[in-house]
Amino acid sequence: MRHLCSFLSFVVFCIQSTFAQTETDPKKFLNLVKNGDFEDGNIGFTSEYQYNFRSNAPGQYSITDDAASLNKDFRNPIKGDHTYGRGYYLVVNSDGEKGKKVWRTEVSVIPNSNYTFSVFYCNLYKKLPVKTGFAFESGDVKGNDPAVKFMVEGKQVGELDMDFYHLFRWINATVTWYSGTNNGKVTISIENANNSVDGNDMALDDIEFLYKETMPVGYVPPKLRTIMSEEYRAEMAKNYKPSKRIISFADIQKGDELAPGIYKVKYRNQNIDKDSALTHKGEKFQLHDLIFNQGDPFLLPAAKVELDRLAEWLEEADTVRIRIEGHTDNIGKPELNVKLSEERVYNVKVYLMEKGIAEERIETIGYGGAVPIADNANEATRKLNRRVEFEIIK
């Protein structure tokens with residue numbers, strides 16, 4: 001009996017210890033954001049926009065289950081609220097003022113740990129644009145170009161600005177934040193990074209800030225990358241259009257400008273001159289010498305020479321906005337190829353930013369090996385799939 005009592009006492013001690021750990025161990029915590037799904041209404045956060053529950057005009061936000069009732073230019077997200085379609089979401093209408101926080105709250109963190117900061121966002125602007133020939137489904141309906149910016153303690157930790165026609169669908173943007181020496185409460189916030197006069201209306205839902213893991217002593221965090229959900233990356237890949245030009249900006253000399261933003265470009269593979277309007281939206285091109293060693297994200301010297309000239313061109317054509325698209329061959333795990341392609345285009349973006357090109361003019365996406373342009377059966381053709389392409393998106 002005495003042994004049985006001792007055993008039962010040990011079991012009770014273990015259960016009590018487990019509950020104690022659950023209360024103090026951050027690995028057991030769920031979402032650190034209160035009311036991140038907005039099901040409790042306009043509580044648990046602050047905003048630099050003005051709250052209006054009856055309508056939604058520039059500079060205002062609302063908590064609603066029916067965005068279309070707030071503004072004649074709004075359309076509701078497909079399937080309604082993202083939280084399984086059962087309730088409310090936040091609607092914001094930017095007034096064009098940069099840096100205003102749509103949503104802001106405090107969370108408690110511990111040092112030397114990684115946290116995942118995530119939000120679902122959706123276009124609401126329903127006005128139809130000129131037909132573009134590019135859409136994810138019939139109808140060619142384009143809303144705004146949605147953009148969200150993640151902030152922690154007043155510093156930007158991520159941004160996702162995808163210029164594609166998502167047709168009022170919820171898109172997930174996620175960034176991993178490393179706490180470093182932060183210990184205790186920190187302020188986290190989300191900005192509407194779309195500051196255009198029209199088409200800046202979007203919804204937010206299911207905001208999360210989750211403890212991920214505590215890192216070993218001496219850990220050095222990687223460069224920040226904002227991740228697009230695989231569902232929408234696949235959708236982008238389905239509508240991908242390859243570049244038609246393989247050019248070198250070494251072929252563009254001063255004085256070659258035929259008209260504002262229109263240059264004469266030599267096509268090396270054809271050895272003839274043709275007029276090329278590189279500032280037309282939708283134009284896509286590759287740089288002849290922008291190549292990478294297999295499995296390597298780092299820029300080669302020859303690539304930097306051409307990127308220098310591209311930066312000079314972007315300085316002159318200062319209204320141009322570009323998307324940099326990264327591609328790999330099919331060797332290796334698909335998820336690692338996506339990561340590699342993202343790292344390559346990120347390095348290209350950083351290089352252009354170091355040359356003075358504003359970050360908001362450069363968008364990136366990595367496709368991995370999802371959209372080859374050549375056979376992956378042998379190295380001679382596989383290397384054609386290891387490429388970076390540029391698209392004029394504005």
Side-chain angles (χ1 to χ4, degrees), residues 31-108 117-127 143-161 166 168-173 185-209:
N31 189 6
L32 298 177
V33 172
K34 296 180 180 179
N35 193 33
D37 58 6
F38 303 104
E39 297 305 311
D40 293 331
N42 188 35
I43 64 172
F45 68 96
T46 60
S47 177
E48 293 181 350
Y49 290 76
Q50 180 182 0
Y51 178 63
N52 190 334
F53 71 95
R54 294 181 181 275
S55 63
N56 192 278
Q60 296 181 344
Y61 79 95
S62 310
I63 306 297
T64 185
D65 60 356
D66 185 8
S69 68
L70 300 174
N71 189 302
K72 62 181 178 58
D73 294 331
F74 287 3
R75 174 178 167 180
N76 286 319
I78 290 176
K79 299 182 180 178
D81 157 78
H82 178 262
T83 315
Y84 310 108
R86 67 181 178 84
Y88 297 103
Y89 47 89
L90 182 149
V91 171
V92 62
N93 191 333
S94 174
D95 54 7
E97 185 178 336
K98 293 184 178 180
K100 291 178 67 172
K101 310 299 185 293
V102 176
W103 173 94
R104 181 173 53 194
T105 194
E106 285 188 339
V107 294
S108 294
F117 195 179
S118 173
V119 64
F120 282 85
Y121 67 110
C122 179
N123 154 52
L124 297 174
Y125 190 65
K126 71 178 182 180
K127 287 186 177 180
N144 67 321
D145 302 333
V148 290
K149 185 180 293 186
F150 296 100
M151 310 289 289
V152 178
E153 290 293 277
K155 296 181 179 179
Q156 181 177 337
V157 299
E159 181 175 3
L160 190 61
D161 182 359
H166 60 281
F168 312 101
R169 300 180 183 179
W170 290 103
I171 299 172
N172 180 225
K185 290 186 177 180
V186 297
T187 299
I188 63 174
S189 59
I190 293 176
E191 291 182 18
N192 179 2
N194 182 343
N195 297 298
S196 61
V197 176
D198 295 313
N200 50 37
D201 318 306
M202 70 175 181
L204 303 179
D205 203 6
D206 293 328
I207 302 173
E208 293 184 338
F209 196 86

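- In this structure, CG in L204 is found 10.0 Å from OH in Y121, a value given to the nearest 0.5 Å.
- Under the 3.5 Å distance criterion, with hydrogens and angles disregarded, a donor-acceptor pair is assigned to the side chains of Y61 and N42.
- For CD of Q50, the number of neighbouring non-hydrogen atoms (other residues, nucleotides, ligands) closer than 6.0 Å is 12 at most.
- Not counting sequence neighbours, the partners of F120 by the ring-ring contact (aromatic ring centres under 6.0 Å, His included) test are H82.
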The test is side-chain contact (heavy atoms from CB on, under 4.5 Å); show your working for T105 and K34 and say whether it passes. CA-CA 9 Å; T105 194; K34 296 180 180 179; over 6 Å; no
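- Looking only at distances, no side-chain donor or acceptor of D40 sits under 3.5 Å from a matching main-chain atom of N35.
- Under the 3.5 Å distance criterion, the side-chain polar atoms of Q60 are left unmatched by any main-chain donor or acceptor of Y51.
- For an aromatic pair to be called close, the ring centres must be under 6.0 Å apart, and F209 with F117 satisfies this.
- In plain terms, the two heavy atoms of D37 and D81 that are nearest each other are O-OD1, 4.5 Å.
- Side-chain contact, Y89 with N76: a donor N or O sits under 3.5 Å from an acceptor N or O.
- Screening N56, N71, N93 against D201 for a side-chain hydrogen bond (donor to acceptor under 3.5 Å, both in side chains) leaves a single residue, N93.
- Residues R75 and I78 share a closest heavy-atom pair of NH2-CG1, 4.4 Å.
- Residues forming a salt bridge (charged side-chain N to carboxylate O under 4.0 Å, His left out) with E48 (at least two apart in sequence, or on another chain): R104.
- In this structure, Y125 has its ring center no closer than 6.0 Å to that of F74.
- Residues G80 and W170 share a closest heavy-atom pair of O-NE1, 2.8 Å.
- For the pair F150/V119, a side-chain contact is recorded, criterion being any heavy-atom separation below 4.5 Å from C-beta on.
- Using a 4.5 Å heavy-atom cutoff, the side chains of E208 and V33 are not in contact.
- Although no hydrogens or angles enter the test, the distance criterion places a donor-acceptor pair under 3.5 Å between the side chain of N31 and the main chain of I207.
- Side-chain atoms of S62 come within 3.5 Å of backbone N or O of S55 as a donor-acceptor pair.
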Determine, stepwise, if the pair L90 / F45 fulfils side-chain contact (heavy atoms from CB on, under 4.5 Å). CA-CA 11 Å; L90 182 149; F45 68 96; 3.8 Å; yes
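- Of the candidates N123, V148, V91, M202 forms a side chain to side chain contact (heavy atoms under 4.5 Å, CB included) with just one, namely V148.
- Of all heavy-atom pairs between L32 and S108, the closest is CD1-O, 3.7 Å.
- Scanning all heavy atoms of the two residues, the minimum distance from K101 to S47 falls at O-OG, 3.4 Å.
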Could you go step by step and tell me if I188 and W103 meet the side-chain contact (heavy atoms from CB on, under 4.5 Å) rule? CA-CA 8 Å; I188 63 174; W103 173 94; 3.8 Å; yes
Should Y49 and S94 be marked as a side-chain contact (heavy atoms from CB on, under 4.5 Å) after you check the CA-CA gap, both sets of side-chain angles, and the distance that decides it? CA-CA 8 Å; Y49 290 76; S94 174; 3.9 Å; yes
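- Scored by the salt bridge (charged side-chain N to carboxylate O under 4.0 Å, His left out) test, D95 finds K100 as partners (sequence neighbours excluded).
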